[in-house]
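None of these values were measured; they are calculated from a predicted model.
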Amino acid sequence: MPPLAKSRKKDFPFLWEGRDRRGNKVRGRTVASNKHAVWLELQKQGIVPIKVKKQTLGFGGQKKATPADIAIFFRQIATMLAAGIPLVQAFEIIGSGNDKPAMQSLIMDVKSQVESGLTFAEALGKHPLYFDKLSVNLVHAGEHAGALETLLDKIATYKEKTEAIKKKIKKALFYPVTVLAIAVIVTVILLIFVIPQFEELFKGFGAALPPFTQMVVDLSQLMQHHGLELAAVLFAAGWGFAYTLKRSRPMQERMDRMLLHVPIVGPILVKAAIARYARTLATTFAAGVPLVEALSSVAGATGNIVYESAVLRMKDEVATGQRLQRAMENTQLFPNMVVQMIAVGEESGSLDQMASKVADFYELEVDSAVDSMSSLLEPLIMAVLGILIGGLVIAMYLPIFKLGSVV
């Protein structure tokens, strides 16, 4: 490593407060190597520093960098390189102008590592939580091919499209999950606080309660006397399931396989996995990554272990000389249309273009399916709410109806 590279200092963001020439209190944020450098910079600007402190990034309640932030970062770098701005200067401009502290720290750290002699890809590889293997490999390919600007633009487009799919699925699931959660909370409140009032009323009837009403009363008593224990058991069971699921690949595969067959939701997950597969394949192959190596990156990007395992098997088959079309057919996970379009791409030498068309088609399919799912789930949610809340109301009024008929 050159001696000058070793002497470079890492920059950090600092928060400061001071007074300008008119005596007005001002505050801001400056990127520098240490507090002394911040003081000197402020004094040059005619500001008398009062307090300067290093900004804590990514901790203490600070928002972490999200995949959307990373996509914007790649887009900004690509735009600045296209404008002829040197890479290190682009880092400085983007980092100092970013409003999110964690993202600012990340960019400045990458800048410092590039200044110290690492390549852009190597600097990104130092942050695997934010830059996946696919992004690092594509940046590496762009640097070696002299097409970094083009590859960064492709990475940004890829991340934007995959994140758009994730957001749509999350948005579609958020509404029903929220409504059902509220329904469960309301039901618990009714069982603990409202049903006991009716129970006191029923004691004065001097007659046996209808079976349905008695069941609800028993459930209410259970919630009153053992509610905390039940909540603790459910929480422990949920935590244990999540813990095991996170660490057991066979369990993850069984869960992912089951989700693919769930009505309404399953077809959307299948289309989303195919869209990610095709989009990643198109991006990596267009970057000049060999097909076998590209499939390694594609496998982890599908977002479903069933498809991930299938793509890894495809990679092994392709490595032994099998055509990608035949390897896809052997998995029995891809629709015939997708297989045929990939086959056309292989034969015509335009695999990246055909994969991109498949991705475009299935991304639109995901959009349409999500909209349809929202329409289908609304009446289903209303039915569940009616059964939960309406069932409790009917149970409480059955004895009153029975008493009225006797009278």
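- Remark: Tyr158 engages Thr280 in a side-chain hydrogen bond (donor to acceptor under 3.5 Å, both in side chains) (not counting sequence neighbours).
- In this structure, Lys167 does not pair ionically with Glu163, as no charged nitrogen and carboxylate oxygen lie closer than 4.0 Å.
- Each salt bridge (Lys or Arg N to Asp or Glu O under 4.0 Å) pair with one or both residues in residues 303-322, not counting sequence neighbours, appears once here: Arg249-Glu308.
- In this structure, Gln214 and Pro211 have side chains that are not in contact, with every pair of non-hydrogen atoms separated by 4.5 Å or more.
- Using a 4.5 Å cut-off on side-chain heavy atoms (C-beta onward), Met80 and Glu149 make no contact.
- Residue pairs that meet the salt bridge (Lys or Arg N to Asp or Glu O under 4.0 Å) test with at least one member in residues 333-360, sequence neighbours left out, are Arg279-Asp360, Arg323-Glu346, Arg323-Glu347.
- Listed by chain and residue number, nothing satisfies the side-chain hydrogen bond (donor to acceptor under 3.5 Å, both in side chains) test with Gln89 (two or more places apart in sequence, or in another chain).
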Passes side-chain contact (heavy atoms from CB on, under 4.5 Å), Leu230 versus Leu222? Steps please.
-> CA-CA 9 Å; Leu230 286 172; Leu222 179 65; 4.0 Å; yes
Verdict with reasoning, Gln322 to Met314, per side-chain contact (heavy atoms from CB on, under 4.5 Å) = CA-CA 9 Å; Gln322 184 75 271; Met314 287 163 49; over 6 Å; no
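- Residues passing the side chain to side chain contact (heavy atoms under 4.5 Å, CB included) test with Ala121 are Thr119, Val136, Val139, His140, Glu143, sequence neighbours excluded.
- Each salt bridge (Lys or Arg N to Asp or Glu O under 4.0 Å) pair with one or both residues in residues 65-87, not counting sequence neighbours, appears once here: Asp69-Lys100, Arg75-Asp153, Arg75-Glu160.
- Shortest non-hydrogen contact noted between Pro399 and Thr213 is CD-OG1, 3.5 Å.
- Between the side chain of Ser309 and the backbone N or O of Val306 there is no donor-acceptor pair closer than 3.5 Å.
- Using a distance-only test at 3.5 Å, with no hydrogens or angles considered, a donor-acceptor pair links the side chain of Thr284 to the main chain of Leu281.
- In this structure, Leu324 and Leu351 have side chains that are in contact, with non-hydrogen atoms separated by less than 4.5 Å.
- Counting heavy-atom neighbours within 6.0 Å of Glu229 CD, excluding the residue itself, gives a total above 12.
- Here CG of Leu259 is found 12.0 Å from CD1 of Ile268. Values are rounded to the nearest 0.5 Å.
- Ser112 and Asp109 form no side-chain donor-acceptor contact under 3.5 Å, judged by distance and modelled atom types alone.
- Of all non-hydrogen atoms in Lys159 and Ala71, the two that sit nearest each other are CB-CB, 3.8 Å.
- Put simply, the side chain of Ile70 reaches to within 4.5 Å of the side chain of Met103, judged on heavy atoms.
- Nearest heavy atom pair, residue Ala123 against residue Gln113, reads O-OE1, 3.3 Å.
- Side chains of Tyr130 and Ser135 form no contact here, defined as non-hydrogen atoms less than 4.5 Å apart.
- Between Ile274 and Leu333 the shortest heavy-atom distance is CD1-O, 4.4 Å.
- The environment of CG in Leu228 is sparse: at most 12 heavy-atom neighbours from other residues, nucleotides or ligands sit within 6.0 Å.
- For the pair Gly303 and Arg276, the tightest heavy-atom approach, listed with the atom from each and the gap, is CA-NH1, 3.8 Å.
- A donor atom on one side chain and an acceptor atom on the other are found under 3.5 Å apart for Ser220 and Gln224.
- Closest non-hydrogen pair, Leu291 versus Phe285, comes out as CB-CE1, 4.1 Å.
- Distance alone, capped at 3.5 Å, is enough to place a donor-acceptor pair between the Ser372 side chain and the Ser368 backbone.
- Annotation: salt bridge (Lys or Arg N to Asp or Glu O under 4.0 Å) contacts involving residues 257-271, sequence neighbours excluded, comprise Glu253-Arg257, Lys271-Glu365.
- The aromatic rings of Phe74 and Phe131 lie perpendicular to each other, with more than 60° between the two planes, well past the 30° mark.
- For Ala147, the side chain to side chain contact (heavy atoms under 4.5 Å, CB included) criterion is met by Thr150, Leu151, not counting sequence neighbours.
- In terms of the ring-ring contact (aromatic ring centres under 6.0 Å, His included) criterion, residue partners of Phe334 (sequence neighbours excluded) are, by chain and number, Tyr277, Tyr307.
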Gln197 and Val194: CA distance, side-chain angles, deciding distance, side-chain contact (heavy atoms from CB on, under 4.5 Å) verdict | CA-CA 6 Å; Gln197 305 300 322; Val194 178; 5.6 Å; no
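- Taking CD of Glu363 as the start and OG1 of Thr162 as the end, the distance is 8.5 Å to the nearest 0.5 Å.
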Might you work through the ring-ring contact (aromatic ring centres under 6.0 Å, His included) test for Trp239 and Tyr243, ending with a clear yes or no?
-> CA-CA 6 Å; Trp239 184 86; Tyr243 182 87; 5.1 Å; yes
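- Looking at Lys126 and Leu118, their side chains come closer than 4.5 Å, going by heavy atoms from C-beta outward.
- One N or O on the side chain of Thr331 and one on the backbone of Met328 form a donor-acceptor pair closer than 3.5 Å.
- For the atom pair CZ (Arg254) and CG (Asp256), the distance works out to 11.5 Å, reported to the nearest 0.5 Å.
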Worked check of side-chain contact (heavy atoms from CB on, under 4.5 Å) between Phe361 and Val338 | CA-CA 10 Å; Phe361 174 79; Val338 176; over 6 Å; no
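- The CE atom of Met251 lies 5.5 Å from the CG atom of Leu245; values are rounded to the nearest 0.5 Å.
- Partners of Phe174 under the ring-ring contact (aromatic ring centres under 6.0 Å, His included) rule, at least two apart in sequence or in another chain, do not exist in this structure.
- For the pair Asp132 (side chain) and Pro128 (backbone), a donor-acceptor distance under 3.5 Å is absent.
- Remark: Phe120 pairs with Phe91 by the ring-ring contact (aromatic ring centres under 6.0 Å, His included) rule, at least two apart or across chains.
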Counting only pairs under 3.5 Å, give me each side-chain donor-acceptor contact of residues 384-396, with atom names and distances, residues two or more places apart or in other chains.
none

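- Atom CD1 of Ile155 is separated from atom CD1 of Ile77 by 11.0 Å, given to the nearest 0.5 angstrom.
- Remark: the backbone N or O of Lys246 is paired with a side-chain donor or acceptor of Gln252 at under 3.5 angstrom.
- Of the inter-residue distances, the one linking Leu42 atom CG with Asp20 atom CG reads 11.5 Å to the nearest 0.5 angstrom.
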